[in-house]
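Residue numbering restarts at 1 for every chain, and letters A, B, ... go by the order of the sequence lines. Basis for what follows: all heavy atoms, side chains included, without hydrogens, waters or symmetry-related copies. Everything numeric here is computed off the predicted structure, so don't read it as measured data.
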Amino acid sequence: MLDDLNDRQREAAETIDGPVLIFAGAGSGKTRALTYRIAHMVREKGIAPEHILAVTFTNKAANEMKERITRLIGDDARRLWAGTFHSICSRLLRRYGEEIGIAPNFVIYDEADQTALIKQAVSIADIDSQAYTPTRIRWAISSGKNELLDPQDYARARKGPFDEIVARVYSRYQQALRENNALDFDDLLVKAVELLRSRPKVLAALQERLRYVLVDEYQDINYAQYELVKLLSARERNICVVGDDDQSIYGWRGANVGLILSFQADNPNTRVIKLEQNYRSTQKILDCAHAVIRVNEDRAEKRLWTENGAGDNLVVYEAVNEEEEAAYVAGVVARQVRNSGTRYADYAVLYRANAMSRNLESAMREKGIPYEVVGGMSFYDRGEIKDLAAYLKLIYNLDDSISLRRIINKPARNIGEGTVSRLTQLAHSEGVTLFEACRLAGEESDLRKAQKEAVLHFYSMIRRLHEDAAAMSVSGIVKAVLERSGYTDALQASGKADDADRVDTLGELVTDAVKYEQSADEPSLGGFLERLALLSDLDKAEDLGSSVSLMTVHASKGLEFPIVFIVGMEEGIFPHERSMGDQFELAEERRLFYVALTRAQRMVYMSHARGRTIYGSPHGMIPSRFLKDLPPESIDCKFDADSPLMPRMFGDEEAAVRERTVLAGGIDITDVLRRARENSAAAAAQRQEPQTPPAQPSGGETVPEPTEAGKRKPAGATRKKAARSPAKQKKAASVQPLGTGTKVVHEDFGEGIVVSVDEKGDEPAVTVAFVAKGIKKILANHPKLKVRR
DNA sequence: GGACACAAACTTTTT
DNA sequence: GTTTGTGTCC
């Protein structure tokens with residue numbers, strides 16, 4: 001059975017007892033080794049599948065593993081327990097939660113629900129919500145939970161005024177969760193650990209059953225998850241963890257790489273196995289990846305190798321701006337699919353942040369390339385889906401006030417904010433749930449008649465749905481909600497195109513419910529809700545059959561594609577600006593880049609833009625520092641020779657040329673640069689200003705010459721003012737000392753450099769080459785134009 | 001109470 | 001460039 005494996009993989013598959021640590025490099029056949037390992041355990045070693053627990057990071061990975069094991073050993077695979085940490089914990093808590101005071105019909109709160117709850121807690125605690133945003137507080141609470149700190153622990157460990165506030169909100173927040181009979185994502189882990197720690201009988205029962213524990217992606221584990229695994233495997237100590245510290249990219253979410261690196265020390269007699277043969281990529285791709293990752297310190301030493309052959313040089317493309325970058329990507333894809341027999345599905349475009357998909361999408365559309373955005377704003381994040389989910393959650397658990405608030409006036413039924421806050425007061429004074437308050441308010445309260453009726457009507461609709469649900473199928477409940485709530489009717493009546501789409505989306509959810517009924521062992525509303533809460537779009541994406549995949553680098557982990565584009569290779573984007581101040585975060589960015597590179601089988605195209613629009617306004621961009629670590633001999637540097645080349649805005653031009661020379665693999669491209677610049681200056685002269693002399697290079701020695709106007713008025717003071725309130729400066733004639741070569745910045749066009757000065761008109765004008773937006777002629781004292789530094 | 005218009009604030013990455 | 005919050009009007 002194990003003949004299909006290489007020596008290391010076989011060793012991994014055969015080592016069953018005791019602690020095992022497998023370092024599995026990218027593309028090293030990890031899943032193969034793991035599935036064979038489990039198959040070997042069941043078939044050769046006679047271990048019952050129900051004694052095996054396999055924990056993964058995503059549902060998709062869990063399903064894939066199950067499927068592949070099924071192929072090896074057949075239906076016995078159904079008996080093994082494979083799932084994500086969150087789904088496993090959720091199941092444990094449904095089964096045993098009552099032992100620690102958690103009712104089995106708890107609902108799972110997502111981020112939006114959490115934030116809503118924190119907002120309430122903040123408003124009750126009378127905290128300045130401007131300085132302490134709910135999101136920041138949610139973040140802090142979540143980090144606390146990842147470390148298994150309860151509100152008291154958190155208060156004790158506080159360092160600084162922010163933590164003080166967080167500690168207060170945290171304890172209120174937990175109380176509110178209890179009142180709503182709800183758990184948030186992190187609670188699933190925290191409460192599961194609490195259960196195992198405080199109920200020895202439950203723990204013993206689980207240990208009896210789960211004798212072999214296997215954890216995938218161990219580098220992404222956080223403290224709570226670590227503790228959980230430790231508890232479950234404490235008796236038999238048959239714990240096998242698999243991971244790659246070089247691919248640890250979830251530190252920001254509490255994952256602790258240290259836990260994989262210290263596994264050996266924690267578990268005496270650990271067998272360490274390294275899978276270093278790569279079956280995915282070409283040698284050149286691996287060379288580049290290694291050159292990038294070796295810069296990091298504190299990593300377990302390992303190096304991937306392959307028998308796949310050298311392959312082609314990787315490409316670094318310099319784009320003018322993000323639009324041109326996207327057009328380049330789409331152009332390469334279109335050309336190759338036309339000429340070289342590749343399919344759209346062979347391509348993936350990876351980016352650092354979701355917001356960057358926009359340009360790529362429009363470029364793809366323009367060229368008629370089918371594409372699919374994976375992750376990001378997902379199906380389950382859409383407003384109408386969340387509305388419907390809120391109905392279902394409320395019907396399932398009448399205590400859920402967050403869901404109630406969300407849908408009490410959706411569609412509009414004349415229950416506004418005022419009414420809701422009165423209901424809240426009533427709930428408080430009577431000591432009942434918000435839902436009960438709806439009933440009381442209908443009977444006697446100071447509400448107006450119309451409101452009373454509306455509230456009472458809402459109450460009885462929900463109550464009846466709640467009662468009827470017991471005897472209905474899940475899809476039946478979904479349909480009943482859509483009908484009885486008037487939600488679909490309202491959308492159809494609005495007549496807007498968007499609303500028609502929403503009706504379709506809701507239809508998809510009905511389909512989803514039907515599918516769920518067919519596939520689940522014991523379909524229930526609770527089970528469906530759990531799916532809704534814990535399933536992400538990534539798990540859904542299976543049918544990428546015929547389109548280019550667009551996704552974040554994070555979302556690409558675990559996937560592979562013949563040809564990969566990595567866009568936005570610029571300082572501030574990748575590495576991301578918010579990580580640049582911290583060396584640990586920078587190391588994580590580097591690992592992220594490593595992950596991106598190692599997704600590719602045959603070819604990688606990296607691109608950076610000289611200019612890019614970042615929330616609204618344009619910026620000049622410097623190529624990512626990571627590009628400099630790539631081995632020149634494995635890289636081809638390209639750019640569009642026809643595009644106008646602007647002098648670089650940052651640093652001196654010499655350095656820019658040198659950098660480019662390096663990127664070009666040692667070829668001196670100074671000449672190309674010079675010619676391109678002359679072309680652009682000539683073009684500028686032709687377009688804008690026939691009489692102007694050609695633009696001068698922005699050498700460091702060029703001293704800005706003050707214009708006539710500039711001499712008349714010292715500009716220093718006005719410039720400062722202009723910086724503060726540019727709009728008001730229109731009349732103040734803030735004439736600036738602009739000469740050829742002066743670096744300027746414009747509110748709308750971003751950074752640029754003065755190419756020529758025209759003083760013939762009533763007011764002096766300048767021609768400016770903008771990094772991102774090209775050449776423009778502007779009045780020298782235009783309020784939106786400022787001198788850089 | 002609800003619809004609309006405008007300003008401001010801000011964006012990593014996600015089970 | 002987008003979402004979220006605020007203010008005005010009906």
Nucleotide B/dT12, atom C1' - distance to CZ of A/Arg590 in whole Å: 18 Å
Per A/Ala412 side chain, nearest of listed nucleotides B/dT15, B/dT12, B/dG2: B/dG2
Ignoring backbone atoms, test whether A/Thr613 places a side-chain nitrogen or oxygen under 4.0 Å from the OP1 or OP2 oxygen of C/dG1. no
Find the distance A/Leu586:CG to B/dT13:P and express it as a whole number of Å. 18 Å
Tell me what A/Ile415 touches on the nucleic acid: a base, only sugar-phosphate, or nothing, going by heavy atoms under 4.0 Å. sugar-phosphate
Looking only at atom C1', what distance separates C/dG5 and B/dT12, rounded to whole Å? 23 Å
Identify whether NZ of Lys or CZ of Arg in A/Lys557 sits under 6.0 Å from the centre of the six-membered ring of A/Phe57 and within 45° of that ring's axis. yes
Tell me if the centroids of the rings in A/Tyr250 and A/His554 come within less than 6.0 Å of each other. yes
Tell me: CD of A/Glu577 to C1' of B/dT13, nearest whole Å? 15 Å
What's the CG-P distance between A/Asn359 and C/dG1, to the nearest Å? 9 Å
Say whether A/Ser401 and A/Asn180, considering side chains only, have a donor N or O and an acceptor N or O under 3.5 Å apart. yes
Which part of the nucleic acid, if any, lies within reach of A/Phe57 when heavy atoms closer than 4.0 Å are counted: base, sugar-phosphate only, or nothing? sugar-phosphate
Polar side chain donor-acceptor pair, A/Gln225 to A/Lys230, under 3.5 angstrom: no
Rounded to whole Å, how long is the line connecting atom CG of A/Leu360 with atom P of C/dG1? 15 Å
Determine: side-chain N/O of A/Lys119 to OP1/OP2 of C/dG5, distance under 4.0 Å, yes or no. yes
Rounded to the nearest angstrom, tell me the gap between atom CZ in A/Arg422 and atom C1' in B/dG1. 12 Å
Quick test of your reading: applying side-chain hydrogen bond (donor to acceptor under 3.5 Å, both in side chains), list the pairs with at least one residue in residues 574-584 of chain A, sequence neighbours left out, ordered by first then second residue. none
N-O pairing of A/Arg610 and A/Glu570 below 4.0 Å: no
Check the distance between B/dT15's C1' and A/Asp113's CG and give it to me in whole angstrom. 15 Å
For DNA chain B, whose closest nucleotide is more 5', that of A/Asn409 or that of A/Glu588? A/Asn409
Round to a whole Å and report the spacing from CH2 of A/Trp252 to P of B/dT13. 8 Å
Are A/Thr419 and B/dG1 close enough that a side-chain N or O sits under 4.0 Å from OP1 or OP2? yes
Measuring from the side chain of A/Thr58 (C-beta onward, heavy atoms only), which nucleotide among B/dT15, B/dT14, B/dG1 has the closest atom? B/dT15
For A/His554 and B/dT13, is the gap between ring centres under 5.5 Å while the planes differ by less than 30°? no
OP1 or OP2 of B/dG1 less than 4.0 angstrom from a side-chain nitrogen or oxygen of A/Arg413, does that happen here? no
If you compare every side-chain N and O of A/Asn354 against the phosphate oxygens of B/dT13 (OP1, OP2), does one of them come in below 4.0 Å? yes
N or O in side chain of A/Arg578 less than 4.0 angstrom from B/dT12 OP1/OP2: yes
